[in-house]
Number of protein chains: 2
Amino acid sequence: MRPISPAPRPQLGTPATGMAALAVPDPCAHCDARPVSVCSALEEKDLHRLAALAEVLEVAPGKTFIAEGEKPEHFFNVTGGTARLYKLLPDGRRQITGFARQGHFLGLAVGEANAFSAEALEKVWVCRFSRTRLRQVLDDFPAFERRLLGTAANELVAAQEQMLLLGRKTARERVASFLLAQARPLRPCDAPPGRFHLPMTRTDIADYLGLTIETVSRTMTRLKTEKLIALPSPAEVVLLDRARLESLAGGFEEERF
Amino acid sequence: MRPISPAPRPQLGTPATGMAALAVPDPCAHCDARPVSVCSALEEKDLHRLAALAEVLEVAPGKTFIAEGEKPEHFFNVTGGTARLYKLLPDGRRQITGFARQGHFLGLAVGEANAFSAEALEKVWVCRFSRTRLRQVLDDFPAFERRLLGTAANELVAAQEQMLLLGRKTARERVASFLLAQARPLRPCDAPPGRFHLPMTRTDIADYLGLTIETVSRTMTRLKTEKLIALPSPAEVVLLDRARLESLAGGFEEERF
DNA sequence: CTGCGACCTTGTTTTGGATCAATCGCTTGG
DNA sequence: CCAAGCGATTGATCCAAAACAAGGTCGCAG
């Protein structure tokens with residue numbers, strides 16, 4: 001595993017074309033950690049071969065590029081922007097199962113139907129592979145398959161964490177957990193930013209945390225009045241007291257005053 | 001993929017030793033479907049080689065064989081019995097993330113710590129591999145790795161379904177979904193039984209569905225008085241009206257009378 | 001047989017978050 | 001400039017499920 005040196009690399013919020021679409025952020029200089037990605041385990045020569053099998057697409061905000069229940073035709077690597085992944089009940093209740101950012105792999109779904117829908121929150125760039133070629137790709141790139149297994153294992157861990165949140169945490173604990181997760185950098189070794197932008201609406205946050213929009217709003221307001229966070233604007237968050245947020249998110253009893 | 005013909009195979013509730021520990025139920029005569037399992041994609045000769053790398057263990061009821069937060073030393077294939085998989089919050093709140101039955105694979109966890117604990121509900125038989133040999137096993141058995149990826153993808157789909165349940169379904173819908181899932185046979189092509197045994201307590205069910213024990217009990221009682229199910233004993237369930245249960249579980253509006 | 005402990009059920013009260021209902025600020029388009 | 005529309009916030013009320021509280025049933029050890 002080493003830097004994919006001379007190839008241009010996409011920045012968050014910029015499109016990526018050709019081979020660059022498969023690239024990922026530079027590994028950390030100290031620990032070599034990178035966000036889990038389709039190709040982060042591949043050598044440069046393999047990247048070129050893989051790029052020939054892929055198409056690069058730009059998805060406009062609000063556009064659905066994976067539809068729950070439909071036959072899976074492709075698999076995707078998100079290279080920029082953010083997408084919401086969700087499931088619906090027949091009466092319209094929605095559960096967002098995750099937000100896909102740069103490096104996220106979509107379409108592992110086995111069987112006859114996609115288990116969820118994916119919709120661009122903001123402009124999204126994806127690198128798309130034909131599903132019929134997946135077998136070929138896996139056979140040709142053993143490192144790719146190994147990496148995919150690692151990706152899936154990571155997602156499974158995240159899904160279990162989310163089940164704990166949805167099944168057993170209070171609204172306050174859920175929002176604290178969410179804000180801390182959003183503050184997590186793409187490369188785990190980077191320092192988490194104290195200030196960041198939320199690309200999703202309050203409705204998205206509510207549907208992700210199993211709450212209503214009103215409860216999300218009230219809870220954020222309360223965290224603000226308690227000086228745990230600041231909200232320069234509804235979509236800008238500043239973490240003012242990370243320690244107390246961590247303790248809240250982890251489900252520790254709240255200290256009494 | 002074909003039957004592992006002459007090898008003895010474990011029955012639910014019976015121990016398995018030696019190579020049989022790696023075996024799975026007979027494939028369905030009609031569709032060749034089997035429960036997802038470590039070895040269900042392997043040829044018989046590979047099974048023998050793989051068996052040499054594994055130990056067979058019997059886990060007594062109540063015993064924890066994977067502990068959340070500890071360094072993962074092994075990975076497991078459950079060959080009989082049922083285990084609860086759970087995460088805890090510091091104050092003791094518990095979320096059961098799943099129940100592992102015959103064929104379930106445990107320990108894909110990446111990184112330095114197990115993401116959950118696993119505890120035998122009833123007597124459990126597992127086939128255990130040393131984690132340090134995982135790399136070797138994956139390298140030696142490409143079909144194993146492919147199967148593992150399929151397993152992980154299936155679990156991811158189940159986890160997303162559970163997130164929908166925990167985030168957006170009512171108590172009634174959760175219990176209906178749970179009962180139907182418990183009625184699902186190990187081989188998907190088999191007809192689901194109309195009557196089955198619940199190996200877990202009401203407390204386990206509550207911690208799996210994000211409810212309290214009282215709500216689970218009341219909801220089951222109500223389904224019983226409405227003749228959707230019968231409960232010959234607390235642990236024996238008979239599905240009396242599968243269609244209405246499916247509709248309930250799927251989140252369709254309840255029909256008015 | 002009796003007493004104990006686990007587990008389950010049922011009744012009552014409480015409450016966290018949902019629901020219903022405005023209002024406020026932006027942005028956009030006329 | 002104003003109107004319309006959308007997202008966010010805030011307030012008032014409601015309710016599904018939690019919490020609290022008894023009992024009941026069963027299996028088992030003494």
Side-chain angles (χ1 to χ4, degrees), chain A residues 61-62 84 89 91-95 121-122 165-179 197-226 229-237 248 251 253-254, chain B residues 61-62 84 89 91-96 119 121-122 165-179 197-226 229-237 248 251 253-254:
Chain A
R84 59 172 80 91
L89 286 172
D91 65 359
R93 279 173 286 171
R94 182 177 72 158
Q95 179 64 39
L121 266 185
E122 52 190 357
L165 179 148
L166 292 169
R168 290 295 180 226
K169 289 187 183 177
T170 65
R172 204 168 149 70
E173 291 163 351
R174 293 181 201 201
V175 171
S177 304
F178 171 74
L179 293 176
H197 177 78
L198 294 176
M200 67 292 284
T201 66
R202 293 289 187 269
T203 304
D204 287 329
I205 300 174
D207 285 349
Y208 180 54
L209 300 181
L211 300 170
T212 58
I213 174 174
E214 294 94 333
T215 298
V216 170
S217 180
R218 273 187 248 276
T219 305
M220 302 259 276
T221 304
R222 186 165 156 220
L223 293 177
K224 186 172 73 176
T225 59
E226 290 173 345
I229 61 171
L231 296 169
S233 83
E236 289 296 317
V237 181
L248 233 183
E253 337 271 333
E254 290 215 51
Chain B
R84 59 173 80 91
L89 287 172
D91 64 359
R93 278 173 286 172
R94 182 178 72 159
Q95 178 64 38
I96 292 185
E119 188 179 323
L121 266 185
E122 51 190 358
L165 180 148
L166 292 169
R168 289 296 179 228
K169 289 187 181 176
T170 65
R172 205 168 149 69
E173 290 163 352
R174 293 181 202 201
V175 171
S177 303
F178 171 74
L179 292 176
H197 177 80
L198 296 176
M200 68 291 286
T201 67
R202 294 288 186 271
T203 303
D204 287 330
I205 300 173
D207 285 350
Y208 180 54
L209 299 180
L211 301 170
T212 59
I213 175 174
E214 294 94 331
T215 298
V216 170
S217 180
R218 273 187 246 276
T219 305
M220 302 260 276
T221 304
R222 186 165 157 218
L223 293 177
K224 185 172 74 177
T225 60
E226 290 171 345
I229 62 171
L231 295 170
S233 82
E236 289 296 316
V237 181
L248 233 183
E253 339 270 335
E254 291 214 51

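A note on names: the letters A, B, ... follow the listed sequences, proteins ahead of strands, and every chain is numbered from 1. Keep in mind that this is a model prediction, so the values were computed, not measured.
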Scan A:T201 against the nucleic acid and name what it touches under 4.0 Å (heavy atoms): base, sugar-phosphate only, or nothing.
-> sugar-phosphate

Which nucleotide in C:dG17, D:dA8, D:dA17 has an atom nearest any side-chain atom of B:T170 = D:dA17

Nearest-Å distance, CZ (B:R222) to C1' (C:dG11)?
-> 17 Å

Does the side chain of A:R174 come within less than 4.5 Å of A:L166's, by heavy atoms?
-> yes

Any N/O donor-acceptor pair, B:E214 side-chain to D:dC20 base, under 3.5 Å | yes

B:M200 CE - C:dC8 P separation (whole Å) | 11 Å

Assign B:T221 to base, sugar-phosphate, or nothing according to its heavy-atom contacts below 4.0 angstrom with the strands shown.
-> sugar-phosphate

Nearest-angstrom distance from the residue atom CG of A:L231 to P of D:dT10 | 10 Å

Distance-minimising heavy-atom pair for B:Q95 and B:Y208 | NE2-O, 3.2 Å

A:L198 CG to D:dG7 P, in whole Å, measures 15 Å

What integer distance in Å separates A:L166:CG from C:dG16:P?
-> 19 Å

If you pin A:S217 and A:R168 to their nearest nucleotides in DNA chain D, which one's is more 5'?
-> A:S217

Side chain proximity check, B:T215 to B:L209, heavy atoms < 4.5 angstrom = no

Beyond-backbone contact of A:L198 with A:M220, side-chain heavy atoms, under 4.5 angstrom = yes

No-H, no-angle donor-acceptor pair, B:R218 side chain to C:dG11 base, under 3.5 Å | yes

Given C:dC8, D:dG7, C:dG17, which nucleotide is nearest the side-chain atoms of A:A171?
-> C:dG17

Pick base, sugar-phosphate or nothing for A:T212, based on heavy-atom distances below 4.0 Å to the nucleic acid.
-> base

Between B:T215 and D:dA17, is there a side-chain N or O to OP1/OP2 distance below 4.0 Å?
-> no

Between B:I213 (CD1) and C:dT10 (P), how many Å, whole number?
-> 13 Å

Can you tell me the distance, in whole Å, between the CZ atom of A:R172 and the P atom of C:dG17?
-> 11 Å

Separation of B:D207 atom CG from D:dA18 atom C1', in whole Å?
-> 14 Å

Under a 4.5 Å cut-off applied to non-hydrogen side-chain atoms, are A:D207 and A:M200 in contact?
-> no

